Amino acid sequence: MNTNDILARLQAKYPGENEYLQAVREVLESIEEVYNMHPEFEKERIVERMVEPDRIFSFRVTWVDDRGEVQTNTGYRIQFNSAIGPYKGGLRFHRAVTPSMLKFLGFEQTFKNALTTLPMGGAKGGSDFDPKGKSNGEIMRFCQAFMQELWQCIGPDQDIPAGDVGVGGREIGYLYGQYKKLARQYNTGVLTGKGGTWGGSILRPEATGFGALYFVQHVLDHAGKDIAGKRIAVSGFGNVAWGASIKASQLGAKVVAISGPDGVCYIPDGITKEMIDYMLVMRASNRDKVEDMATRFPGKAQFTAGKKSWSIPVDIALPCAFQNELSEDDAKELVANGCWCCCEVSNMGCQPGAIHYFQQNGVLFAPGKAVNAGGVATSGLEMTQNASHISWTAEEVDSKLHQIMQSIHEQCVKFGTQPDGTVDYVKGANIGGFMKVAQAMLEQGII
Ligand code: 2IT
């Protein structure tokens with residue numbers, strides 16, 4: 001395999017699909033050496049097949065807003081790879097959603113899901129619908145219109161969507177209600193992230209953030225460090241930032257920054273339970289403003305417009321919002337201010353220049369597909385509970401989540417340990433996920 005040749009061909013075929021090309025480049029660069037030691041991969045063109053989604057559904061979504069105006073959006077579901085199980089991955093509702101964004105997410109999801117140890121293929125979907133400023137009624141009508149098309153593509157043994165940016169418990173509720181009405185199927189396993197009384201797994205809302213902090217603990221432990229008392233910058237204030245803030249605080253760390261599209265809130269004494277609870281109110285309001293935290297807690301949270309969480313001096317940076325949210329300049333500012341660990345909780349949260357800068361400067365860095373895999377892993381646990389018509393206790397789910405995050409860390413160490421004994425988590429996660437999917441594809445023949 002020649003990474004540059006493959007990328008040049010993809011670039012010519014998909015010009016402008018920058019997020020997708022960025023995600024493919026990162027994986028191919030990591031796996032090239034191992035790949036070339038396996039002539040059977042090359043013979044069956046595993047990489048050429050793996051970078052193309054199995055199929056892409058694209059559909060019009062038309063709905064009526066509160067003023068009676070007709071609105072039209074585009075919906076997508078990308079079924080990326082089914083080598084190790086049915087398609088699994090979230091739905092993103094965000095104004096900037098494009099096929100490129102969802103292809104990058106579906107590609108990443110394939111390797112992430114392989115790392116979880118559970119039998120799930122990779123998928124992603126969503127719409128360019130912008131939840132900002134929308135009423136509850138508008139959200140419901142949009143979800144119903146979206147499901148009007150999506151229901152034909154999904155099923156508990158085919159493709160199981162969940163939430164992502166802009167899609168949480170409320171949206172999953174509206175989507176599931178409409179799925180039942182259209183499909184006349186009452187198997188709750190068709191979606192994950194459901195409510196607790198109708199098939200949802202306990203701890204699924206917290207799982208991405210909790211799993212990320214368990215992974216951070218393993219990273220620190222492996223490097224002979226400890227999380228207690230450390231200062232942490234989180235970005236965003238959505239579901240992932242919320243779960244990460246709860247667990248970081250429980251583990252004795254101090255979350256001193258959260259952020260939004262409008263700026264950053266600096267919380268010198270560390271985030272409190274009341275503030276963490278208020279993040280849910282801010283999310284439900286659809287205002288998309290972190291300034292609301294400073295308004296609600298004057299004196300305790302200080303808002304600065306136009307700044308990111310990466311401007312606050314911390315030990316550990318946890319991007320929890322959106323792809324490419326941390327640039328090389330941000331990485332330089334963090335390191336200059338003493339930051340020595342960055343774990344991506346958002347998918348592809350760091351730009352390639354930032355990752356390079358962290359690695360060159362001895363910062364412990366781990367990529368999203370390892371760090372945030374606790375979310376989809378707990379979705380996998382929700383599917384198991386649904387399929388066996390039972391619900392596990394919080395202790396059972398949490399202990400399984402712990403085991404899974406530990407196993408992901410072990411895979412990173414196995415495939416990413418360098419001659420000097422440090423771990424390249426990017427390499428480790430990419431090779432670990434890739435080997436599993438590639439092996440399954442080989443065994444299933446040329447399809
Ligand atoms: O990026 C992700 O892993 C998710 N949005 C969760 C997907 C899932 O199926 O739970």
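From a predicted model like this one, the values you see are computed outputs, not experimental measurements. Order of appearance sets the numbers: ligands from 1, and atoms from 1 within every ligand.
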Visitor: Counting non-hydrogen protein atoms only, what is the nearest one to atom 3 (O) of ligand 1? Give residue, atom name and distance.
Guide: K112 NZ, 2.7 Å

Visitor: Could you identify the single nearest non-hydrogen protein atom to atom 10 (O) of ligand 1 and state the distance to 0.1 Å?
Guide: S379 OG, 2.5 Å

Visitor: Got a sec, which residues hit salt bridge (charged side-chain N to carboxylate O under 4.0 Å, His left out) with R9, two or more places apart in sequence or on another chain?
Guide: E48

Visitor: Are a donor atom and an acceptor atom from the side chains of N347 and N372 found within less than 3.5 Å of each other?
Guide: yes

Visitor: Roughly how far, to the nearest 0.5 Å, is the CD atom of Q185 from the CH2 atom of W151?
Guide: 8.5 Å

Visitor: Which residue and atom name correspond to the protein heavy atom nearest atom 7 (C) of ligand 1, and how close is it?
Guide: G90 N, 3.5 Å

Visitor: What protein heavy atom lies closest to atom 5 (N) of ligand 1? Include the residue and the distance to one decimal.
Guide: D164 OD1, 2.8 Å

Visitor: I'd like to check which ligand 1 atoms, numbered from 1 as shown, lie under 4.0 Å from a non-hydrogen atom of G163.
Guide: 4 (C), 5 (N), 6 (C)

Visitor: Counting only heavy atoms, which portion of K369 has something under 4.0 Å from ligand 1: side chain, backbone, both, or neither?
Guide: neither

Visitor: Please identify which atoms of ligand 1 are closer than 4.0 Å to at least one heavy atom of A162.
Guide: 8 (C), 9 (O), 10 (O)

Visitor: Quick check, are the ring centers of W198 and Y176 under 6.0 angstrom apart?
Guide: yes

Visitor: Checking contacts here: is it the side chain or the backbone of N347 that comes within 4.0 Å of ligand 1, counting heavy atoms only? Could be both or neither.
Guide: side chain

Visitor: Can you check whether I160 has an N/O within less than 3.5 Å of an N/O in ligand 1?
Guide: no

Visitor: Which residue holds the protein heavy atom closest to atom 6 (C) of ligand 1, what is that atom called, and what is the gap in Å?
Guide: R204 NH2, 3.6 Å

Visitor: Taking it one step at a time, do K369 and E26 satisfy salt bridge (Lys or Arg N to Asp or Glu O under 4.0 Å)?
Guide: CA-CA 12 Å; K369 63 171 77 66; E26 186 206 278; 3.2 Å; yes

Visitor: Would A373 count as a contact residue for ligand 1, given that I'm defining contact as a non-hydrogen atom of the residue lying under 4.0 Å from a ligand atom?
Guide: no

Visitor: Which atoms of ligand 1 are found less than 4.0 Å from any heavy atom of K124?
Guide: 1 (O), 2 (C), 4 (C), 5 (N)

Visitor: Do Y87 and R55 pair up side chain to side chain, a donor and an acceptor below 3.5 Å, judged on atom types alone?
Guide: yes

Visitor: With sequence neighbours excluded, give me every ring-ring contact (aromatic ring centres under 6.0 Å, His included) pair touching residues 97-120.
Guide: F80-F107, F107-F111

Visitor: Between atom CG of L381 and atom OG1 of T116, what is the distance when rounded to the nearest 0.5 Å?
Guide: 9.0 Å

Visitor: Are K414 and Q411 close enough that a side-chain donor and a side-chain acceptor fall under 3.5 Å?
Guide: no

Visitor: Ignoring angles and geometry beyond distance, decide whether K88 reaches within less than 3.5 Å of ligand 1 through its nitrogen or oxygen atoms.
Guide: yes

